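Beneath this line is the structure, given in structure tokens, with notes to follow.
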Amino acid sequence: MASNITHTARVRALYKALLKLHRGLPVQMKALGDQYVKEEFRLHKEAKPEETEVFMQEWTKYYVTLAKQLGQRRHKQLVGNDLSPQMLDNLRPEQMGQLHELFVETTQTGRGDASNS
């Protein structure tokens with residue numbers, strides 16, 4: 001039982017840390033990122049232990065990467081990483097669909113920002 005409490009606390013801490021980290025993003029990216037984090041954590045609430053471990057590892061990597069990127073102050077803030085072909089090969093069809101939706105949403109957001117400048 002103590003293991004479950006520890007795991008729950010770790011999940012909750014990572015969730016809160018991600019939302020807090022998103023405060024450093026531009027407004028539209030923050031909204032999109034927050035929505036995605038909330039949805040993914042909700043969807044994985046009842047995941048199998050082996051899925052949960054991978055889920056936590058990947059979201060922790062995301063946190064570390066984004067924290068480093070946001071910590072580097074530049075005139076134009078760059079965030080994100082390219083996915084390797086191996087990572088793309090490991091995605092399930094519904095994940096590929098989500099990735100495509102995310103791509104469409106972020107490229108539309110980028111165009112919206114550029115036209116408002």
Side-chain angles (χ1 to χ4, degrees):
M1 187 70 151
S3 175
N4 284 342
I5 293 170
T6 302
H7 173 73
T8 302
R10 282 183 35 223
V11 171
R12 193 171 288 139
L14 180 58
Y15 176 81
K16 289 180 179 182
L18 289 165
L19 295 178
K20 187 174 181 179
L21 183 63
H22 283 172
R23 293 178 191 166
L25 293 171
V27 175
Q28 290 178 321
M29 288 180 76
K30 178 192 178 305
L32 184 63
D34 286 354
Q35 177 186 353
Y36 191 71
V37 166
K38 290 174 183 178
E39 185 176 320
E40 284 296 303
F41 274 72
R42 183 182 51 78
L43 289 172
H44 286 81
K45 199 172 189 175
E46 302 296 325
K48 297 175 186 170
E50 57 274 6
E51 291 176 343
T52 303
E53 191 59 39
V54 172
F55 180 83
M56 291 295 289
Q57 289 172 0
E58 292 303 318
W59 278 105
T60 301
K61 285 183 203 173
Y62 167 80
Y63 177 88
V64 169
T65 300
L66 186 58
K68 285 179 184 176
Q69 291 172 344
L70 291 175
Q72 298 171 352
R73 296 292 174 206
R74 298 180 180 158
H75 177 64
K76 180 175 172 124
Q77 188 69 48
L78 302 174
V79 293
N81 273 339
D82 292 331
L83 295 175
S84 70
Q86 180 184 11
M87 179 74 87
L88 291 171
D89 288 342
N90 289 328
L91 295 177
R92 295 186 309 262
E94 63 270 12
Q95 291 173 315
M96 285 297 286
Q98 285 180 316
L99 185 60
H100 178 71
E101 289 174 22
L102 185 60
F103 171 76
V104 169
E105 185 68 29
T106 56
T107 54
Q108 288 174 350
T109 299
R111 279 187 292 226
D113 288 347
S115 64
N116 291 336
S117 300

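Computed from a predicted structure; not experimentally measured. Values reported hereafter were calculated over all heavy atoms of this structure, with side chains retained and with hydrogens, waters and symmetry mates removed.
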Approximate separation, where rounding is to 0.5 Å, of [X] [atom1] and [Y] [atom2]:
X: Q86; Y: D89; atom1: CD; atom2: CG; result: 8.0 Å
X: T60; Y: R10; atom1: OG1; atom2: CZ; result: 7.5 Å
X: L21; Y: Q69; atom1: CG; atom2: CD; result: 10.0 Å
X: M56; Y: F41; atom1: CE; atom2: CZ; result: 6.0 Å

Checklist line | Atom CD of E94 with >12 non-hydrogen neighbours under 6.0 angstrom | finding: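 Enclosed: over 12 neighbouring heavy atoms sit under 6.0 Å from CD of E94.
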Check: Would you say E46 has more than 12 foreign heavy atoms packed within less than 6.0 Å of its CD?
Finding: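 Not more than 12 within 6.0 Å, no.
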Next item on the list: Check the angle between the aromatic planes of H22 and Y62 and answer parallel, tilted or perpendicular using the 30° and 60° thresholds.
Entry: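 Because their plane-to-plane angle is over 60°, the rings of H22 and Y62 count as perpendicular.
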Next item on the list: Please state whether the rings of H44 and F55 are parallel, tilted or perpendicular, taking 30° and 60° as the class boundaries.
Entry: parallel
Note to self: Do R42 and E39 have side chains that approach each other closer than 4.5 Å (heavy atoms only, starting at C-beta)?
What the structure shows: yes
Notebook entry, point to check: Side chains of E58 and E40: does their closest heavy-atom pair fall under 4.5 Å?
Noted result: no
Note to self: side-chain contact (heavy atoms from CB on, under 4.5 Å), that's the test. Do H100 and M96 meet it? Break it down for me.
What the structure shows: CA-CA 6 Å; H100 178 71; M96 285 297 286; over 6 Å; no
Next item on the list: List the steps, then state whether side-chain contact (heavy atoms from CB on, under 4.5 Å) holds for L32 with L25.
Entry: CA-CA 10 Å; L32 184 63; L25 293 171; over 6 Å; no
Next item on the list: Might you work through the side-chain contact (heavy atoms from CB on, under 4.5 Å) test for N90 and Q95, ending with a clear yes or no?
Entry: CA-CA 9 Å; N90 289 328; Q95 291 173 315; over 6 Å; no
Checklist line | Test: K30 and D34 ion pair at under 4.0 Å | finding: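 The answer is yes: the pair qualifies as a salt bridge.
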